[in-house]
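Here the structure is laid out as structure tokens; the discussion comes afterwards.
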Amino acid sequence: MTHRLLRDLHRATTPMVRPNPLVVLWRWRYELGLPLACVFAFQAFGSMSLAVGAIPLVAVLWPSARSGVWGRIRCVATAHRIRVGCVEAYIVNRRGKIPPVLWCAPAPFGERVWLWCRAGITTADLEAGSEIIARACWASEVIVHPHPRSPHRVLLEVVRQAGTFRHPAPQETPWPARAGMS
């Protein structure tokens, strides 16, 4: 009871910190990079406008390319929505900063999002706010998995298609076994 009262008091008195311009540029890098890439391609190809038009045509007509492009678009939108969900669920540290999104990858059930929990943010905070984050991401649920050896890294599984998700057995870990991510 006392912990909850202190948390509510902290929430009422701590303002949310607005990101600095470099953080804003980093968060919107894909949206800012696409028009720049189009301008660069048009400049590079010059009179070869057919080559510039062929790239989107291939992405639309080739099923695996279309799937990859659509998955990347969903990941970019999901990363933005995760940040909105963290703000709405008030998952912040004492300085008012939300956890940064490290990476987002498409999955058969939706997306996998890796977060870095700043000091003061725990897995329990993310689990408590998972319903709000799910609603912010337009998903049916968000499942929180802490990293087995690094408690500051957390995997969120954003489930969009409820019938395609299989909960891992207790001895399984959803974390990849690669050296770079473990």
Side-chain angles (χ1 to χ4, degrees), residues 1-32 71-162 164-170 172-176 178 180-182:
M1 173 85 174
T2 306
H3 184 273
R4 183 175 175 203
L5 181 63
L6 287 173
R7 193 159 116 188
D8 289 343
L9 179 64
H10 177 260
R11 181 179 183 168
T13 58
T14 303
M16 296 294 294
V17 174
R18 302 206 53 93
N20 66 44
L22 290 176
V23 172
V24 171
L25 286 173
W26 178 254
R27 289 180 181 174
W28 288 88
R29 65 191 178 274
Y30 296 111
E31 292 86 346
L32 295 172
R72 193 76 245 148
I73 290 170
R74 280 191 351 240
C75 286
V76 169
T78 297
H80 288 302
R81 299 309 302 171
I82 290 285
R83 287 189 282 271
V84 169
C86 287
V87 168
E88 292 300 320
Y90 202 72
I91 301 171
V92 296
N93 65 1
R94 290 190 183 261
R95 293 184 180 177
K97 294 185 176 184
I98 61 173
V101 175
L102 296 176
W103 185 248
C104 186
F109 52 82
E111 292 86 32
R112 286 191 170 104
V113 182
W114 287 267
L115 297 179
W116 181 277
C117 289
R118 300 175 191 268
I121 300 173
T122 64
T123 304
D125 296 334
L126 289 165
E127 288 172 347
S130 65
E131 187 174 337
I132 295 171
I133 294 171
R135 297 302 166 253
C137 293
W138 308 302
S140 58
E141 69 177 316
V142 170
I143 301 164
V144 180
H145 298 286
H147 191 277
R149 291 180 305 277
S150 303
H152 56 277
R153 291 192 294 178
V154 177
L155 171 65
L156 300 181
E157 293 185 324
V158 180
V159 180
R160 298 195 185 283
Q161 302 169 1
T164 60
F165 185 75
R166 179 188 64 82
H167 287 278
E172 291 183 29
T173 178
W175 285 89
R178 297 184 316 207
M181 292 298 289
S182 58

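In this chain, residues are counted from 1 in sequence order.
- In terms of the side-chain contact (heavy atoms from CB on, under 4.5 Å) criterion, residue partners of Trp116 (sequence neighbours excluded) are, by chain and number, Pro100, Leu102, His152, Arg153.
- Of all heavy-atom pairs spanning Tyr30 and Val76, the tightest one is CD1-CG2, 3.5 Å.
- Scored by the salt bridge (charged side-chain N to carboxylate O under 4.0 Å, His left out) test, Arg74 finds Glu111 as partners (sequence neighbours excluded).
- Note that CD1 of Ile82 and CG of Leu126 are 9.0 Å apart. Values are rounded to the nearest 0.5 Å.
- Considering CG of Asn20 and CG of Leu25, their distance stands at 9.0 Å, rounded to 0.5 Å.
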Check the pair Arg27, Val23 against side chain to side chain contact (heavy atoms under 4.5 Å, CB included), reporting the backbone distance first and the verdict last. CA-CA 6 Å; Arg27 289 180 181 174; Val23 172; 3.5 Å; yes
Start with the C-alpha gap between Tyr90 and Val92, add the side-chain angles, then the distance that decides, and say whether side chain to side chain contact (heavy atoms under 4.5 Å, CB included) holds. CA-CA 6 Å; Tyr90 202 72; Val92 296; 3.6 Å; yes
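- Relative to the ring axis of Trp103, Arg72 places its NZ or CZ within 45° and under 6.0 Å from the centre.
- A 6.0 Å sphere centred on CZ of Arg95 holds no more than 12 heavy atoms belonging to other residues, nucleotides or ligands.
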Evaluation steps, side chain to side chain contact (heavy atoms under 4.5 Å, CB included), between Leu155 and His147: CA-CA 7 Å; Leu155 171 65; His147 191 277; over 6 Å; no
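- Between the Arg135 side chain and the Ala139 main chain, a donor and an acceptor come within less than 3.5 Å of each other.
- Rounding to the nearest 0.5 angstrom, the gap separating the CD1 atom in Ile98 from the CD1 atom in Ile91 is 9.5 Å.
- Arg160 forms no cation-pi arrangement with Trp138, by the criterion of a distance under 6.0 Å to the ring centre and an angle within 45° of the ring axis.
- Taking every heavy atom of both residues into account, Cys104 and Val113 meet most closely at SG-CG2, 3.6 Å.
- Residues in residues 123-134 take part in these side chain to side chain donor-acceptor pair (under 3.5 Å) pairs, two or more places apart or across chains: Thr122-Asp125.
- Counting only distance, with no hydrogens or angles, the side chain of Arg81 and the backbone of Ala136 share a donor-acceptor pair below 3.5 Å.
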Does Leu156 form a side chain to side chain contact (heavy atoms under 4.5 Å, CB included) with Cys137? I'd like the steps, not just the answer. CA-CA 12 Å; Leu156 300 181; Cys137 293; over 6 Å; no
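- Summarising the geometry, atom CG belonging to Leu115 is positioned 6.0 Å from atom SG belonging to Cys86; distances are rounded to the nearest 0.5 Å.
- Considering only heavy atoms from C-beta on, Pro151 stays 4.5 Å or farther from Pro146 through its side chain.
- Shown here for Arg112 and Trp114, the closest heavy-atom pair between the two residues is O-CZ3, 3.6 Å.
- With rounding to the nearest 0.5 Å, the separation of CD in Glu141 from CD in Glu157 is 9.5 Å.
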